[in-house]
Amino acid sequence: MPGIVIIGTQWGDEGKGKATDALGDRVDYCVRYSGGNNAGHTVVVNGQKFGLRLLPSGILNDNCTCVIGNGVVVDLSVFYDELDELTERGVVVAHPLISANAHLITPYHSTLDKVTERFAGKKKIGTTGRGIGPAYSDKVNRIGIRVQDLLDAETLAAKVEAALEQKNQVFAKIYNRRPIEARIIIDELLAYAERVRPYVVDAARLLNDALDEGKTVLFEGAQAHHLDVDHGTYPYVTSSNPIAAGACTGAGVGPCRIDRVIGIAKAYTTRVGEGPFPTELFDADGDTLRANGGEYGVVTGRARRTGWFDALVVEQANKVNGATDVFLTKLDVLTGWEQIPVCVAYDIDGARTDHWPMTMGELERAQPVYEYLPGWSEDITRARSFAELPVTCQAYVKRLEELIGVRISGIGVGPGREESIVINELV
Ligand code: GDP
Ligand code: IMO
Ligand code: MG
């Protein structure tokens, strides 16, 4: 029975949260495998909006066990704020299980993230400032603090002290900041230890056993292909592997356990933070997309950069992730344009290319080549089948499908859980 991965095919905020939630009633486990609270996944249920940062989007579905995989970096204060907030809103949810191997984000990671960005000035990445990069750096540097360290106060203290010995040199000598006291960090982390202890598990074992028993496991990607540290627009990327293969390392399952990879693609394009974006709009159309699509970040509230659909972006993601299906979101936001430009190729130094360029230099010089498709004016938010869409809208979807090389199996026509068109069942 299936292991399913959901990934973003653009630069994030494609609607992964909504898609995960929509499948949630048919899955047994919902697993976050990469990133941390840099993610902001919106789920709208019965008109109530939830902005999830660390909690898997399956959390709002009864009978779905949520798991934080080893590949996630966990800020426990955010994690518990989110859980407590749901309780305060009267939503009854089960505490997610957390991999003993997941790394922790501590206050020195978020501080380092912010000072590094400030120091970089014009060369900044435009991070979310949540300590993601520094926490992953420590992991790779082998000085990270893991969830299992919370189970043993002595080990925890020794590791925090060792990490800070190095970090405090950096704070003082490079950033001219006061050192951070290890005791404060240790006490802050220990304050969560007893609450988290019953939920710390060998998540890799648990998930493999679940798959052996024929359960359905949904791996919920955060960020997106083009923010991947290996495959994205480096250095304007996040510090983890959000791609589908990241579900194997970030949750501990073998590649053959993945039966389906669902690429989430917005019907246009957005990006937050710095970095190349060939179809970016700086005119009134860009503002209209932002306003109609509500394109403001869930985590930082930043206005998202907006542009037309770029088929090269999504086609590359589909290829590298082995996408079996695409879920096209926010098609309703394109209602009202007489014609809709779609980027079908790039002009790079006078030569036309119809696929993603090899180098960042080429990407930075790429000029979009547009094909203009007829638009539609009818409200499509109530459509629940492909046949109910206006003919030109159907043609838009079909043309995108041709360009991105993977079948479009679902379409989002509004933010609500039920505001979708299913073309091929995904679970
Ligand atoms: P994620 O990070 O990929 O989960 O996406 P975000 O939640 O950051 O951003 C997607 C935004 O679009 C959220 O506000 C969603 O509620 C909204 N959304 C998702 N799907 C649709 C859709 O099909 N139509 C409309 N209008 N909004 C959608
Ligand atoms: P979801 O899961 C959009 C971007 C940041 C920045 C870069 C690095 O909601 O799609 P980081 O804090 O990760 O070191 O920032 O990555 N970024 C996202 N952009 N959606 C996200 O998550 C993002 N997570 C990180 O804006 O450009
Ligand atoms: Mg988001």
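Residue numbers start at 1 and run along the sequence shown. What you see below is based on every heavy atom in this structure, not just the backbone, and it leaves out hydrogens, waters and symmetry mates. One-based numbering, in listed order, for ligands and for the atoms of each.
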How far apart are the C-alpha atoms of Asp287 and Arg290, what are their side-chain angles, what is the distance that settles it, and do they pass the salt bridge (Lys or Arg N to Asp or Glu O under 4.0 Å) test?
-> CA-CA 5 Å; Asp287 295 340; Arg290 188 175 303 109; 3.0 Å; yes
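- The heavy atom nearest to atom 23 (C) of ligand 2, out of those in Gln223, Lys124, Glu14, is found in Gln223.
- In terms of protein heavy atoms, atom 15 (C) of ligand 1 is closest to Thr42 CB, 3.8 Å.
- Below 4.0 Å from some heavy atom of Gly17 lie the following atoms of ligand 1, by number and element: 4 (O).
- Within ligand 1, counting atoms from 1 as listed, the ones closer than 4.0 Å to a heavy atom of Lys18 are 19 (C), 20 (N).
- Within the 4.0 Å heavy-atom shell around ligand 2 one does not find Arg304.
- Side chain to side chain, Arg53 and Thr128 fail the donor-acceptor criterion of an N or O pair below 3.5 Å.
- With a heavy-atom cut-off of 4.0 Å, Asp13 touches ligand 1 through backbone and side chain alike.
- Note on ligand 1: Arg53 sits outside its first shell, no heavy atom being nearer than 4.0 Å.
- Using a 4.0 Å cut-off between charged side-chain N and carboxylate O, Glu402 and Arg399 make a salt bridge.
- None of the N, O or S atoms belonging to Ala222 lies under 2.8 Å away from the Mg ion (ligand 3).
- At a heavy-atom distance under 4.0 Å, no atom of Leu331 approaches ligand 1.
- You'll find the side chain of Phe79 reaches within 4.5 Å of the side chain of Ile68, heavy atoms only.
- Of the options Val237, Asp13, Thr233, Thr128, the smallest heavy-atom separation from atom 20 (N) of ligand 2 is shown by Asp13.
- Distance from atom 26 (N) of ligand 1 to its nearest protein heavy atom, with residue and atom name: Asp332 OD2, 2.7 Å.
- Ligand 1 places these atoms under 4.0 Å from at least one heavy atom of His41: 1 (P), 2 (O), 4 (O), 7 (O).
- At a threshold of 4.5 Å between non-hydrogen side-chain atoms, the residues Met360 and Pro276 count as touching.
- Distances between N or O atoms of Asn38 and those of ligand 2 include at least one value under 3.5 Å.
- By the criterion of a heavy-atom distance under 4.0 Å, the backbone of Trp11, and not its side chain, is placed next to ligand 2.
- Using a 4.5 Å heavy-atom cutoff, the side chains of Gln394 and Trp376 are not in contact.
- Contact annotation: for Lys330 versus ligand 1, heavy atoms closer than 4.0 Å belong to both the backbone and the side chain.
- In terms of polar-atom proximity, Ile132 is not counted as a contact of ligand 2, lacking any N or O under 3.5 Å from an N or O of the ligand.
- Arg302 counts as a contact of ligand 2, since one of its heavy atoms falls under 4.0 Å from the ligand.
- Proximity of Gly294 to ligand 1 is not established, as no heavy-atom distance is less than 4.0 Å.
- Using a 4.0 angstrom heavy-atom cutoff, His41 counts as in contact with ligand 2.
- The minimum heavy-atom distance linking Tyr33 with Val72 is given by the pair C-CG2, 3.7 Å.
- Under a 4.0 Å heavy-atom criterion, Ser239 is not in contact with ligand 2.
- Shown in contact with Gly126 at under 4.0 Å from a heavy atom are these atoms of ligand 2, numbered in order with element: 5 (C), 6 (C), 26 (O), 27 (O).
- For the pair Arg384 (side chain) and Glu418 (backbone), a donor-acceptor distance under 3.5 Å is present.
- Under the side-chain hydrogen bond (donor to acceptor under 3.5 Å, both in side chains) rule, Gln223 has a single partner from Asp228, Asp13, Asn38, which is Asn38.
- Inclusion of Gly12 in the set of residues having an N or O under 3.5 Å from an N or O of ligand 1 is not warranted.
- With a 4.0 Å cut-off on non-hydrogen atoms, Arg417 does not touch ligand 1 at all.
- Residue contacts with ligand 2 do not include Ala224, since none of its heavy atoms lies under 4.0 Å from the ligand.
- Between Gln169 and the options Lys173, Gln166, Glu165, a side-chain hydrogen bond (donor to acceptor under 3.5 Å, both in side chains) holds for only Lys173.
- Near Gly412, meaning under 4.0 Å from one of its heavy atoms, ligand 1 places the atoms 23 (O).
- A side-chain contact (heavy atoms from CB on, under 4.5 Å) with Trp308 is found for one member of Pro368, Pro341, Pro278 and no other, namely Pro341.
- Using a 30° and 60° split on the angle between ring planes, Phe119 and Tyr175 fall in the perpendicular class, above 60°.
- For atom 16 (O) of ligand 2, the choice among Leu227, Val298, Ile125 with the nearest heavy atom turns out to be Leu227.
- Remark: ligand 1 atoms within the under-4.0 Å shell around heavy atoms of Val298 are 8 (O).
- For the 3.5 Å distance criterion, the side chains of Thr249 and Asn241 fail to qualify, holding no donor opposite an acceptor.
- Of the N or O atoms in Arg130, none lie within a sub-3.5 Å distance of an N or O in ligand 2.
- Between Thr279 and Asp310, the side chains place no donor N or O within less than 3.5 Å of an acceptor N or O (distance only, hydrogens not considered).
- Contact analysis puts Gly414 in contact with ligand 1, with a non-hydrogen atom separation below 4.0 angstrom.
- Its N, O or S atom nearest to the Mg ion (ligand 3) is what matters here, and for Asp13 that atom is OD1.
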